[in-house]
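A short write-up of the structure that comes next.
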Amino acid sequence: MPALERILAPALLLLVAVGASAQGAPPTCTDAAFHQFDFWVGDWEVTQADGSRAGHNRVESILDGCVVMENWEGAGGSTGKSFNMFDVRGDGKWHQTWVDGSGGRLDLVGGLDEEGRMVLSGERPGREGGTVLHRITWTPRPDGTVQQHWQASKNGGETWDDLFLGIYSRGDAAD
């Protein structure tokens, strides 16, 4: 049997190589769609609507421009990360997966609206039962800041409650 394995192993490797090349090279992330969320990339100090400090957020473009990664540190000690990607091979939409230091997760889907805002939404179970719809909108503003508006609805989007309204200001003027 060892002789048979020596003959079959190279043939199997050749089949795998031919199959991989037949699929073509994976797309690169240079298309404009992959960079629609680049306005959020930066080192940010985040304040709430009343001007109080909400936290610090470092948002980076990683994996050759294919992913936007968020690194959140809240003023009260909370932490979290989100991974954002444009799904060119699937539905052609932006996807965000947020995870935090308390074991929470939120999955959002969406894209740029006609006003140039990134709008992502998704559902998750509510604390009191039922389903809560979440919608987060990031709006680039003329002064270089970004507004983040997080809303939730317990009635399928008929009415919305504000969960967070933050203003992102560059943490370093050199950015």
Side-chain angles (χ1 to χ4, degrees), residues 23-49 54-74 78-126 130-171 175:
Q23 293 175 1
T28 62
C29 299
T30 57
D31 293 340
F34 287 97
H35 300 282
Q36 293 172 334
F37 214 173
D38 283 1
F39 67 83
W40 194 36
V41 171
D43 194 21
W44 304 97
E45 291 303 322
V46 184
T47 56
Q48 297 184 59
H56 178 84
N57 212 350
R58 177 137 182 93
V59 182
E60 307 171 70
S61 177
I62 63 170
L63 299 176
D64 296 325
C66 294
V67 175
V68 174
M69 181 177 72
E70 171 187 17
N71 302 279
W72 171 254
E73 295 176 8
S78 63
T79 59
K81 292 188 182 295
S82 75
F83 297 88
N84 306 268
M85 64 159 296
F86 181 73
D87 187 2
V88 69
R89 292 183 183 149
D91 59 11
K93 295 181 181 181
W94 276 88
H95 291 258
Q96 179 185 91
T97 297
W98 160 264
V99 293
D100 63 37
S102 67
R105 186 186 97 225
L106 180 61
D107 294 311
L108 305 168
V109 178
L112 280 184
D113 69 7
E114 59 280 348
E115 297 175 30
R117 303 175 303 180
M118 183 62 71
V119 182
L120 305 178
S121 61
E123 296 179 343
R124 72 174 171 191
T131 298
V132 178
L133 179 60
H134 292 264
R135 176 175 66 196
I136 305 178
T137 303
W138 291 263
T139 305
R141 300 175 0 157
D143 64 359
T145 63
V146 174
Q147 176 182 288
Q148 180 183 352
H149 190 192
W150 183 2
Q151 300 171 291
S153 174
K154 294 179 181 176
N155 57 17
E158 291 180 34
T159 60
W160 293 91
D161 294 316
D162 292 334
L163 298 183
F164 179 73
L165 180 61
I167 304 298
Y168 284 64
S169 299
R170 298 247 178 227
D175 277 350

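The model shown is predicted, which means the values in this text are computed figures rather than measured ones.
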Can you find a pair of side-chain heavy atoms, one from Asp64 and one from Cys29, that are under 4.5 Å apart? no
Is any side-chain heavy atom of Thr79 less than 4.5 Å from a side-chain heavy atom of Trp72? no
So, using side chain to side chain contact (heavy atoms under 4.5 Å, CB included) as the criterion, who are the partners of Asp91 when residues are at least two apart? Asp87, Lys93, His95, Val109
Keeping the roles fixed (side chain from Asp100, backbone from Gly103), state whether a donor-acceptor pair exists under 3.5 Å. yes
Point-to-point distance, once rounded to the nearest 0.5 Å, from OG1 of Thr145 to CZ of Phe39: 11.0 Å
Hey, does Gln148 have a side-chain heavy atom less than 4.5 Å from the side chain of Phe164? yes
Inter-residue atom distance Trp160.CH2 - Leu133.CG, 0.5 Å rounding: 3.5 Å
Is there a donor-acceptor contact under 3.5 Å linking the side chains of Asn57 and Glu70? yes
Can you check whether Val46 reaches Ile167 side chain to side chain, under 4.5 Å on heavy atoms? no
Looking at CG of Asp113 and OG1 of Thr137, how far apart are the two atoms once the value is rounded to the nearest 0.5 Å? 7.5 Å
Side-chain donor-acceptor contact under 3.5 Å, Asn71 with His56: no
Quick note, salt bridge (charged side-chain N to carboxylate O under 4.0 Å, His left out) partners involving residues 157-167, not counting sequence neighbours, are none
Taking the inter-plane angle between the rings of His134 and Trp150 on a 0 to 90° scale, is it parallel (under 30°), tilted (30 to 60°) or perpendicular (over 60°)? tilted
Return yes if a side-chain donor-acceptor contact under 3.5 Å exists between Gln147 and Tyr168, otherwise no. no
Could you check whether the rings of Phe37 and Trp40 sit parallel, tilted or perpendicular, using 30° and 60° as the cut-offs? parallel
State the CD-CG distance between Glu123 and Leu108, to the nearest 0.5 angstrom. 11.0 Å
